[in-house]
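Only this structure's heavy atoms are used, side chains among them; waters, hydrogens and symmetry mates stay out.
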Amino acid sequence: MTIKAPEQQQSEVVNHQQLMTDLYPISNHPLYGNVLKFAQTPYLMPATLADFTNDTDFSAEATSLEICPACFFNTSGTTNRSKKIPFSDADLERQKIHEAIALRKLGMGEGDGVMSLGAPLPSISGWAIVNGSEATGARALNSSQIDYEEIIEKGLGEQVTFVIGTPLVVKEIGKAIEMEFGPLREVLPNLKTGIIFGDVLPDALRAELKELWGFDNVYSLYGTVEADVVATECVDKPGEMNLMSERLYFEFIPESELAKERQDASYVGQAKPVSQAYNGEFGEIIISDLSRDTLPLIRYRIGDIIQIHRATAAYNIETPTVSVLGRSKNTVLVCGIALYEMQLNRAIQQWLGDEVVDWKLTQNASQYKYSYTLQVQTKNIELNKRDALSLYINLSKQRDELQQVDLTQQIEVEQVKAFEQVEVKGDTKAQRIVLL
């Protein structure tokens, strides 16, 4: 299954151009076919990757490490079919190095103790948290979300300095610990940092997690099973992320190209290297991991929208920092103008401030007055229609084009007492946008 035995690199930084030279031309590959150059490789879509990895026998190449006879990590299956990603021994070693680089950027190191709230095998998150943490010199105190209680029952609570998990899992398990063992600040007195992955992190939820657990810092880590850690939050610039270009190569499909795709199903948006994107530009990220020997990930279109930041690119002049705005499939179109999840969240936060608890936007089937209904849960205040005017003003600030739209006819605001409790299972994610 190996495309063309590249010089495998165990160092912390790979040479992308050299790997491209090693891999190409690709001939008769069952996934990529025949391709002369990297830029000519068609985008790899999640559904295509799911079909290929489920229908292909990787057992001869996958690792035989003790964690599983032939090692595969499954994704959550958001494309309706879980992707079964194979790893060789060398792939797993690179994974640990990559994970450790990311965790060190967020302050982890020798002497730290880690509570993992990642999902157990066959998900990769629990495995990656344990192995990545230990590669920094920290100690992993449990294996995943299924055994976090053992840390407390064994009297190891004082050793926990980091907690890692998806936002909803961290929130719900935090509540469970308080109910069973008492206040978190007493159970985990030396806790300092929460690392959140797997979903966007609205300001209100970040503040809630900080208050619940007593974190000094809450940092976001952007990652995926297929490509491991994609970016880490800048510790001095909340909301902006430092791309993990040590190992991954990034491209960018501008928003104007995405609009062409919506208008013409046969059109394929044209990408450019992320280093060529301009400050403030919106678009979809494309990820390549050419260092993998079992199954290189080439031009993988993961389906996330980012915004480029160049003015604060303090980490790498060639690679800008980014903000993750949400899933491409959750793009909200208001009179043809795109709004993304974190833009909606910012407008709601500016509108309600600390009063906002959570929100959910649902597209309506009716062709009458409203296109969307925005449900909002607040702490104390009662909302009325007049209050919503501030929301519309703040939405217009997110996208200047919306200033020409009568948002009162497009988005109806509805206050709710509470949202349905989300079951914590695996790396649970929120669903704040529901489109038809």
Side-chain angles (χ1 to χ4, degrees), residues 199-208 220 233-234 236-241 252 254-256 258-259 262 277-285 304-313 320-364 369-379 381 383-415 430 432-435:
D199 206 352
V200 294
L201 185 61
D203 291 342
L205 183 52
R206 186 194 295 264
E208 185 178 4
S220 185
E233 189 163 27
C234 302
D236 56 350
K237 190 70 174 179
E240 292 188 23
M241 309 201 82
F252 181 82
E255 189 178 51
S256 58
L258 299 177
R262 288 195 293 269
Y278 60 79
N279 186 47
E281 192 171 9
F282 301 109
E284 187 176 314
I285 192 170
D304 289 330
I305 298 294
I306 62 172
Q307 184 176 17
I308 301 295
H309 303 284
R310 286 201 168 278
T312 56
T321 56
V322 303
S323 296
V324 182
L325 300 184
R327 301 288 291 164
S328 178
K329 67 180 182 180
N330 288 337
T331 300
V332 175
L333 296 175
V334 180
C335 296
I337 300 165
L339 266 174
Y340 307 114
E341 182 172 345
M342 289 303 285
Q343 291 177 321
L344 282 159
N345 180 75
R346 280 198 294 266
I348 294 168
Q349 192 75 37
Q350 291 166 357
W351 170 35
L352 295 174
D354 293 340
E355 273 293 322
V356 64
V357 175
D358 209 348
W359 59 270
K360 184 175 183 178
L361 185 82
T362 304
Q363 187 175 17
N364 301 321
K369 186 175 182 180
Y370 297 107
S371 297
Y372 301 94
T373 297
L374 175 65
Q375 294 178 306
V376 180
Q377 179 186 354
T378 61
K379 294 177 182 177
I381 64 172
L383 300 177
N384 56 50
K385 290 186 176 181
R386 184 180 180 85
D387 293 325
L389 294 176
S390 178
L391 168 67
Y392 302 137
I393 292 171
N394 284 304
L395 282 171
S396 297
K397 292 178 180 177
Q398 297 298 316
R399 302 305 301 259
D400 291 340
E401 305 96 309
L402 288 176
Q403 294 178 13
Q404 308 303 317
V405 175
D406 184 358
L407 291 173
T408 65
Q409 300 299 308
Q410 299 295 321
I411 301 175
E412 180 180 21
V413 176
E414 176 183 297
Q415 188 170 18
R432 296 186 184 86
I433 296 178
V434 180
L435 304 179

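With values rounded to the nearest 0.5 angstrom, Arg206 atom CZ is found 4.5 Å from Leu201 atom CG. Atom NE2 of His309 and atom CG of Asn279 lie 8.0 Å apart (nearest 0.5 Å). Atom CD1 of Ile348 is separated from atom OG of Ser390 by 11.5 Å, given to the nearest 0.5 angstrom. Between the CG atom of Leu352 and the CD atom of Gln377 there is a distance of 11.5 Å, given to the nearest 0.5 Å. The distance from atom CD1 of Ile433 to atom NZ of Lys360, rounded to the nearest 0.5 Å, is 11.5 Å. To the nearest 0.5 Å, atoms NZ (Lys329) and CG (Leu435) are separated by 10.0 Å.
In this structure the side chain of Tyr392 reaches within 4.5 angstrom of the side chain of Val413, judged on heavy atoms. Proximity of Phe252 to Ile306: side-chain heavy atoms (C-beta onward) are separated by under 4.5 Å at one or more points. Inter-residue side-chain proximity for Cys335 and Gln410 is flagged as met; some heavy-atom pair is nearer than 4.5 Å. For the pair Leu258 and Thr331, the minimum side-chain heavy-atom distance is 4.5 Å or more. Looking only at side-chain heavy atoms (C-beta outward), Val357 and Lys379 come within less than 4.5 Å of each other. In this structure, the side chains of Leu395 and Ile411 come closer than 4.5 Å at one or more pairs of heavy atoms.
Taking all atoms of both residues into account, the shortest heavy-atom contact from Tyr372 to Val332 is CZ-CG1, 3.5 Å. Heavy-atom minimum distance, Leu407 versus Ser396: CD1-OG, 3.8 Å.
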Checklist entry - Does the pair Arg346 and Leu325 meet the rule for a side-chain contact (heavy atoms from CB on, under 4.5 Å), with working shown? => result CA-CA 10 Å; Arg346 280 198 294 266; Leu325 300 184; 4.2 Å; yes
Next on the checklist: Met241 vs Val322, test: side-chain contact (heavy atoms from CB on, under 4.5 Å). Steps then yes/no.
Outcome noted: CA-CA 5 Å; Met241 309 201 82; Val322 303; 4.2 Å; yes
Checklist entry - Is there a side-chain contact (heavy atoms from CB on, under 4.5 Å) between Asn345 and Trp359 once you walk through the steps? => result CA-CA 8 Å; Asn345 180 75; Trp359 59 270; 3.2 Å; yes
Next on the checklist: Determine whether Ser371 and Val334 satisfy the following criterion, side-chain contact (heavy atoms from CB on, under 4.5 Å), listing intermediate values before the conclusion.
Outcome noted: CA-CA 8 Å; Ser371 297; Val334 180; over 6 Å; no
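Counting only distance, with no hydrogens or angles, the side chain of Glu233 and the backbone of Gly239 share a donor-acceptor pair below 3.5 Å.
Remark: the Gln375 side chain and the Thr362 side chain contain no N/O donor-acceptor pair separated by less than 3.5 Å. Using a 3.5 Å distance cut-off with no hydrogens or angles, the side chains of Gln307 and Ser323 do not pair a donor with an acceptor.
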For a quick test of your reading: what N or O donor-acceptor pairs under 3.5 Å do the side chains of residues 337-344 make, sequence neighbours left out?
| unit_1 | atom_1 | unit_2 | atom_2 | d |
| --- | --- | --- | --- | --- |
| Tyr340 | OH | Glu255 | OE2 | 2.6 |
| Glu341 | OE2 | Arg432 | NH1 | 3.3 |
| Gln343 | OE1 | Tyr340 | N | 3.0 |

